[in-house]
Novice: 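Take a look at this one; I'll ask things after.
Protein chains get the first letters and strands the later ones, always in sequence-line order, with residue 1 at the start of each.
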Protein chains: 2
Amino acid sequence: MEKQTITIYDVAREASVSMATVSRVVNGNPNVKPATRKKVLEVIDRLDYRPNAVARGLASKKTTTVGLIIPDVTNMFFSSLARGIDDVATMYKYNIILANSDENSQKEVQVVNNLLAKQVDGLIYMGHDISDSIRSEFSRSKTPVVLAGSIDPDQQVGSVNIDYIAAVAAATKQLLTSGNKRVAFVSGPLTEALNSQYRLRGYKKALDEAGVAYDESLVFESQYSYQSGLALFERLQKAKATAAIVSDDEVAIGILNAARDAGVKIPEDFEIIASNNTKLTEMSRPRMTSIDQPLYDIGAVAMRLLTKMMNKEEIDEKTIMLGYDITERDSTK
Amino acid sequence: MEKQTITIYDVAREASVSMATVSRVVNGNPNVKPATRKKVLEVIDRLDYRPNAVARGLASKKTTTVGLIIPDVTNMFFSSLARGIDDVATMYKYNIILANSDENSQKEVQVVNNLLAKQVDGLIYMGHDISDSIRSEFSRSKTPVVLAGSIDPDQQVGSVNIDYIAAVAAATKQLLTSGNKRVAFVSGPLTEALNSQYRLRGYKKALDEAGVAYDESLVFESQYSYQSGLALFERLQKAKATAAIVSDDEVAIGILNAARDAGVKIPEDFEIIASNNTKLTEMSRPRMTSIDQPLYDIGAVAMRLLTKMMNKEEIDEKTIMLGYDITERDSTK
DNA sequence: GTGAAAGCGCTAACAT
DNA sequence: ATGTTAGCGCTTTCAC
């Protein structure tokens with residue numbers, strides 16, 4: 001037996017009304033007499049009719065679907081953002097098409113094209129960096145785009161983030177103030193604007209204000225992975241660092257564990273401040289002090305901003321900066 | 001200026017061919033003369049034409065999109081599966097619509113309906129349990145469904161998993177063998193078949209084979225969260241358990257940390273075996289011994305199975321059991 | 001308040 | 001190898 005789909009036409013016939021009326025009922029259009037509405041609703045229920053969203057999308061040019069470009073769902077930082085995004089998407093009746101990009105810009109272009117072909121109403125981009133090819137894809141289409149947890153130096157698209165310069169500066173300052181002469185800065189790829197133009201700048205700023213000379217040998221680039229962190233500690237020791245501000249929580253845990261495995265006491269002999277305040281910072285022993293980005297909220301606000309853009313509402317400010325904090329735990333004195 | 005979409009018709013006109021020919025080119029249909037193909041391709045490129053997947057979906061009744069019902073992306077267990085799923089989905093040109101369900105069956109029904117309205121070609125379900133209402137939604141539609149990392153006792157839908165009974169039995173046996181008289185079983189909700197009919201059964205089986213009496217006071221139900229684990233250790237101590245097999249890694253870490261915070265030595269005074277072998281088991285100190293479910297692979301194979309079902313290929317066995325292992329780390333003697 | 005009819009952009013017979 | 005022509009299931013004017 002074939003999948004015998006029942007359509008709006010069937011409902012119309014059974015209810016002895018026109019397709020237009022059924023459509024009105026389904027879409028909550030008020031211009032329907034209550035009695036008619038009731039009759040239609042009843043038939044819909046009896047026939048177990050389910051509107052076909054694809055046909056709807058074609059006719060109305062709206063899919064109530066947004067694309068989400070995520071480097072890796074498996075990274076707590078991104079999945080926390082994603083959770084906030086999905087929750088408010090659901091709230092506004094949107095669905096999320098998830099696409100892992102691995103921060104590979106070739107794959108990203110591919111993915112963005114694919115998403116646009118699917119006629120998503122909007123796009124949330126979580127890559128740390130917008131390559132030029134991506135940027136041109138974005139500007140070519142009229143589809144609204146919002147960055148979550150990242151910054152676009154060119155401010156071409158919407159974005160939700162925190163004041164990364166100030167946050168890193170504050171963390172660095174704290175480490176300096178507690179007596180560390182050599183505070184390392186462990187960053188993700190410096191090719192990413194977020195790292196080179198924001199976080200690193202904050203680090204330098206704090207150094208500057210404390211009258212400490214900037215020493216390039218204290219700056220470390222790393223992948224966003226636990227293994228990288230594990231391997232990094234040795235280099236940190238060689239550089240005679242006694243503290244580190246680390247851009248990714250997994251990396252931070254790696255460093256912390258490597259330190260402890262090497263018999264280094266934390267925070268007595270080495271202090272660490274992580275950057276994302278994911279669940280992981282609670283799970284480590286000692287628990288980790290971290291810059292507290294409101295991850296879930298960043299995602300939620302980003303999606304909310306996107307709904308406004310998709311509705312063509314007036315946007316006062318398309319770059320939204322949320323507050324941050326430094327949550328003190330046990331990896332700092 | 002309005003979003004001036006260019007359609008297959010524009011391409012046909014510019015290339016002086018019919019829409020059908022353009023369609024053939026776009027879909028890689030071999031029945032096109034190379035010269036014609038070249039001409040069309042060139043126009044496509046010049047006009048920057050992008051096929052509208054929605055129109056395509058309506059005409060062909062295929063959306064190359066599958067729905068993914070996930071309890072919580074933020075949980076490493078699920079996100080690891082999701083990663084495997086998305087990777088092979090991409091490989092087969094499918095996209096994933098992600099929907100968090102919070103294991104709330106009302107929300108799940110809602111979500112499934114929504115996904116079916118969007119005409120997804122298939123569904124991957126990661127809830128631990130299929131409620132009756134979900135089940136009836138599933139059987140009502142002809143859309144293929146695969147469970148990833150879970151079991152359907154009724155075998156109505158496809159599923160990919162490991163032999164949970166054997167795995168838990170092996171873990172329990174190991175704990176018993178190393179001298180523990182009171183091995184606790186920390187489970188997720190026992191309303192879930194996976195826990196009550198599989199894992200618990202494995203636990204009992206091992207007990208039985210070792211001639212140890214089953215003691216209900218050693219069975220603990222918990223939510224899948226770190227906090228639950230943290231709170232649970234005290235109860236474990238009161239029950240005089242000296243070891244535990246724990247169904248969720250976050251919970252296991254909670255127990256491990258609570259134990260250490262209470263001054264209990266692991267593994268000397270208390271042994272723990274986790275169940276999912278997520279990254280977390282590497283990150284704890286001591287590192288955690290765990291049943292090793294091949295998470296990524298379970299996701300990948302589940303998606304692969306689904307592609308076959310969507311293609312209406314012959315399926316030899318729609319319940320696929322992957323191998324498991326027990327990875328020894330430092331939370332066991 | 002309701003209906004008729006023209007698309008939305010594409011695929012899939014069916015012809016040629 | 002290529003063109004013609006119906007739809008796919010719905011929304012949306014425009015009439016009435």
Novice: Would you mind writing out the side-chain donor-acceptor pairs for residues 15-35 of chain B within the sub-3.5 Å range, not counting sequence neighbours?
Specialist:
from: Ser18(B); atom 1: OG; to: Ala20(B); atom 2: N; distance (Å): 3.3
from: Ser18(B); atom 1: OG; to: Thr21(B); atom 2: N; distance (Å): 3.3
from: Ser18(B); atom 1: OG; to: Thr21(B); atom 2: OG1; distance (Å): 3.4
from: Ser23(B); atom 1: OG; to: Asn27(B); atom 2: ND2; distance (Å): 3.3
from: Asn27(B); atom 1: OD1; to: Arg56(B); atom 2: NH2; distance (Å): 3.3
from: Asn27(B); atom 1: ND2; to: Ser23(B); atom 2: O; distance (Å): 2.8
from: Asn29(B); atom 1: OD1; to: Asn31(B); atom 2: N; distance (Å): 2.8

Novice: Could you pull out the protein-nucleic contacts involving nucleotides 7-9 of chain C (nitrogen or oxygen on both sides, under 3.5 Å)?
Specialist:
from: dC8(C); atom 1: O3'; to: Lys61(A); atom 2: NZ; distance (Å): 3.2
from: dC8(C); atom 1: O2; to: Ala59(A); atom 2: N; distance (Å): 3.3
from: dG9(C); atom 1: OP1; to: Lys61(A); atom 2: NZ; distance (Å): 2.9
from: dG9(C); atom 1: OP1; to: Thr5(B); atom 2: OG1; distance (Å): 3.2
from: dG9(C); atom 1: N2; to: Ala55(B); atom 2: O; distance (Å): 3.3

Novice: Would you mind checking if Arg83(A) and Asp102(B) are paired as a salt bridge, meaning a charged N to carboxylate O distance below 4.0 Å?
Specialist: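 Counted as a salt bridge, because a side-chain N and a carboxylate O are separated by less than 4.0 Å.
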Novice: Counting only heavy atoms and a strict 4.0 angstrom limit, can you tell me which residues of residues 19-45 of chain A come near DNA chain D?
Specialist: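 Going residue by residue through residues 19-45 of chain A, the ones with a heavy atom under 4.0 Å of DNA chain D turn out to be Met19(A), Ala20(A), Ser23(A), Asn27(A).
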Novice: Using a strict threshold of under 4.0 Å (side-chain N to carboxylate O), is an ion pair present between Asp121(B) and Lys62(B)?
Specialist: no
Novice: With sequence neighbours excluded, tell me which residues meet ring-ring contact (aromatic ring centres under 6.0 Å, His included) with Phe77(A).
Specialist: none
Novice: Taking only residues two or more places apart in sequence, or in another chain, which ones meet Asp86(B) in a side-chain contact (heavy atoms from CB on, under 4.5 Å)?
Specialist: Asn100(A), Thr90(B), Ile96(B)
Novice: If a pair satisfies ring pair (Phe, Tyr, Trp, His ring centres under 6.0 Å) and one of its residues is in residues 13-60 of chain A, list it, with sequence neighbours excluded.
Specialist: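 Listed once each, the pairs would be none.
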Novice: Looking at Arg304(B) and Asp87(B), is any side-chain nitrogen of the basic one under 4.0 Å from a carboxylate oxygen of the acidic one?
Specialist: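 No, this pair does not count.
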